[in-house]
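Here's the structure, in structure tokens; my notes come after.
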There are 2 protein chains.
Amino acid sequence: MARWEPDARGRMLSAALDLFAEKGYDKTTAGDIAARAGVTERTFFRHFADKREVLFANPSPLDEVVVKAIAAADEGATPLQMVLGGVREAAVGIAEARSREQAAQRARIIEATPALQERELLKMAAMTTAAQAALAERGVGEPTAALAAYSAVAVFQAAFSRWVSGETDLALPECVDEAAAALRSLT
Amino acid sequence: MARWEPDARGRMLSAALDLFAEKGYDKTTAGDIAARAGVTERTFFRHFADKREVLFANPSPLDEVVVKAIAAADEGATPLQMVLGGVREAAVGIAEARSREQAAQRARIIEATPALQERELLKMAAMTTAAQAALAERGVGEPTAALAAYSAVAVFQAAFSRWVSGETDLALPECVDEAAAALRSLT
DNA sequence: TCCTCCTATGTCAGTGACTGACATCAACTG
DNA sequence: CAGTTGATGTCAGTCACTGACATAGGAGGA
């Protein structure tokens with residue numbers, strides 16, 4: 001028999017979600033999460049760099065997915081198409097990992113907490129920077145790369161918030177397509 | 001004679017800048033800043049909501065400037081022109097309040113510290129949201145308002161980073177014009 | 001002039017996020 | 001079977017921040 005119950009990380013992940021939904025992020029201490037997961041606070045901080053990260057821990061970070069997709073994109077594609085393709089794949093990954101309801105609950109928690117919004121913005125900025133670098137790798141020049149990355153991330157955010165809102169029956173990747181079309185129709 | 005030296009806030013502001021530049025943000029405690037300014041830590045937190053805010057405390061927040069400019073914009077202007085006008089005025093305000101060297105030092109500190117990047121992103125997001133709302137007030141419809149606000153803020157960021165980089169002799173407002181032109185030339 | 005309220009600050013105790021150092025012990029490895 | 005490893009526990013410590021209460025100039029009125 002193992003010395004400890006397996007999957008401490010998974011238990012902490014769901015304990016955190018539950019507690020944040022029950023009491024709110026601010027009123028939940030790291031110790032609360034650890035206790036519900038049956039570990040100590042110290043163990044919590046060994047798995048997550050800080051309390052916020054428990055909400056942003058992804059098995060396959062979006063940056064990586066986007067970067068790989070850009071590297072693998074068709075030669076003939078425009079820069080914007082390359083990033084949008086990457087963003088779409090990230091969307092597929094998210095939809096596989098979480099149900100819409102789970103994503104919505106997470107979004108509600110983040111929306112209620114400025115500290116979490118900051119972290120989300122940082123992740124999005126990281127995605128933008130990564131996409132920009134990946135475009136550069138493909139030979140895209142500088143004003144274009146930045147703008148394309150920035151716009152595609154904007155599309156992703158718009159699509160995600162629409163998907164989560166429940167105003168549409170579309171799946172997340174289709175929401176990305178829809179938002180990308182909206183972007184095109186502005187030029 | 002006054003009970004305390006006047007302008008405690010101003011002293012804390014410059015003490016913070018100095019210490020961050022000397023030792024770095026992380027190794028500077030709120031108590032250090034307070035001590036150098038000749039006040040107590042408690043007083044520091046009465047003036048600034050948190051340690052990061054000391055770097056983001058603006059006499060006239062950018063949001064307000066942008067919102068006012070959008071409200072006062074010409075009837076005939078396009079949404080993007082309205083926001084760009086607001087962003088340009090914000091640029092004028094910044095250039096009046098700080099020298100380029102001061103802005104560059106601040107930018108260096110922020111760039112070295114993820115926690116500060118998060119806060120900056122939050123401020124930019126707030127500016128975007130405010131601009132979006134101001135556009136709505138002027139009757140601009142929804143997909144357009146969001147995109148225009150988002151793009152104009154992107155222009156602002158590009159302009160600011162170019163101004164601070166020292167690669168150009170242009171003043172900040174002219175950098176905004178330049179970045180806006182670059183945006184136009186993409187469509 | 002004296003009294004009173006107001007305001008900016010000081011003082012102090014407390015909570016919670018995180019960190020470093022060290023101990024423990026099942027499981028693996030040879 | 002002895003040694004090593006890895007995930008965890010334990011504990012003490014630092015620092016960001018907060019609430020409650022005390023203090024004393026200064027402004028304004030009686």
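Below, read A as the first sequence line, B as the second, and so on, with proteins coming before strands; counting in each chain starts at 1.
The base of D:dG19 is paired with the side chain of B:Arg42 by a donor and an acceptor separated by under 3.5 Å. Below the 3.5 angstrom threshold, one finds no donor paired with an acceptor across the side chain of B:Arg3 and the base of C:dT9.
Remark on DNA chain C: of its neighbouring residues B:Glu5 and A:Lys51, the 5'-side contact belongs to B:Glu5, judged by nearest-heavy-atom nucleotide. Projected onto DNA chain D by closest heavy-atom contact, A:Glu41 and B:Arg46 fall at different nucleotides, the more 5' of which corresponds to A:Glu41.
Between the CG atom of B:Asp26 and the C1' atom of C:dT19 there is a distance of 13 Å, given to the nearest Å. With rounding to whole Å, B:Lys27 atom NZ is found 14 Å from C:dT19 atom P. Note: CH2 (B:Trp4) to P (D:dT23) measures 13 Å, nearest angstrom. For A:Phe44 and D:dT10, the CZ to C1' distance is 19 Å, given to the nearest whole Å. When rounded to the nearest whole Å, the span between CE of A:Met12 and C1' of D:dT8 equals 10 Å. The CD atom of A:Glu53 sits 14 Å away from the C1' atom of C:dA17 (whole-angstrom rounding). Distance, A:Leu116 CG to C:dA17 C1': 14 Å, rounded to whole Å. Look at CG on A:Asp50: it is 19 Å from P on D:dC15, rounded to the nearest Å.
Note on A:Arg108 versus A:Glu101: salt bridge recorded, some NZ/NE/NH1/NH2 to OD/OE distance being below 4.0 Å. Ion pairing between a basic and an acidic side chain is recognised when a charged N comes within 4.0 Å of a carboxylate O; A:Glu178 and A:Arg162 show such pairing. A:Lys123 and A:Glu53 are joined by a salt bridge, as a carboxylate oxygen and a charged side-chain nitrogen come within less than 4.0 angstrom of each other. Using a 4.0 Å cut-off between charged side-chain N and carboxylate O, B:Glu174 and B:Arg88 make a salt bridge.
Of the candidates C:dA17, D:dG9, D:dC15, C:dA17 carries the atom nearest the A:Phe45 side chain, counting heavy atoms from C-beta on. Of the candidates C:dT9, C:dA17, D:dT10, the closest approach to any side-chain atom of B:Thr43 belongs to C:dT9. Out of D:dT8, C:dG16, C:dT24, the shortest distance to the side chain of A:Ala8 is found at D:dT8. Considering only side-chain atoms of A:Ala30, the nucleotide from D:dG9, C:dA17, D:dA16 that sits closest is C:dA17.
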Contacts under 3.5 angstrom, residues 67-87 of chain B side chains, donor-acceptor by atom type, not counting sequence neighbours:
unit_1  : atom_1 : unit_2   : atom_2 : d
B:Glu75 : OE1    : B:Arg138 : NH2    : 3.4
B:Thr78 : OG1    : B:Gln81  : N      : 3.1
B:Thr78 : OG1    : B:Gln81  : OE1    : 3.4
B:Gln81 : OE1    : B:Thr78  : N      : 2.9

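Checking the phosphate oxygens (OP1, OP2) of C:dT9, no side-chain nitrogen or oxygen of B:Thr40 falls inside 4.0 Å. For D:dA7, neither phosphate oxygen OP1 nor OP2 lies less than 4.0 angstrom from any side-chain nitrogen or oxygen of A:His47.
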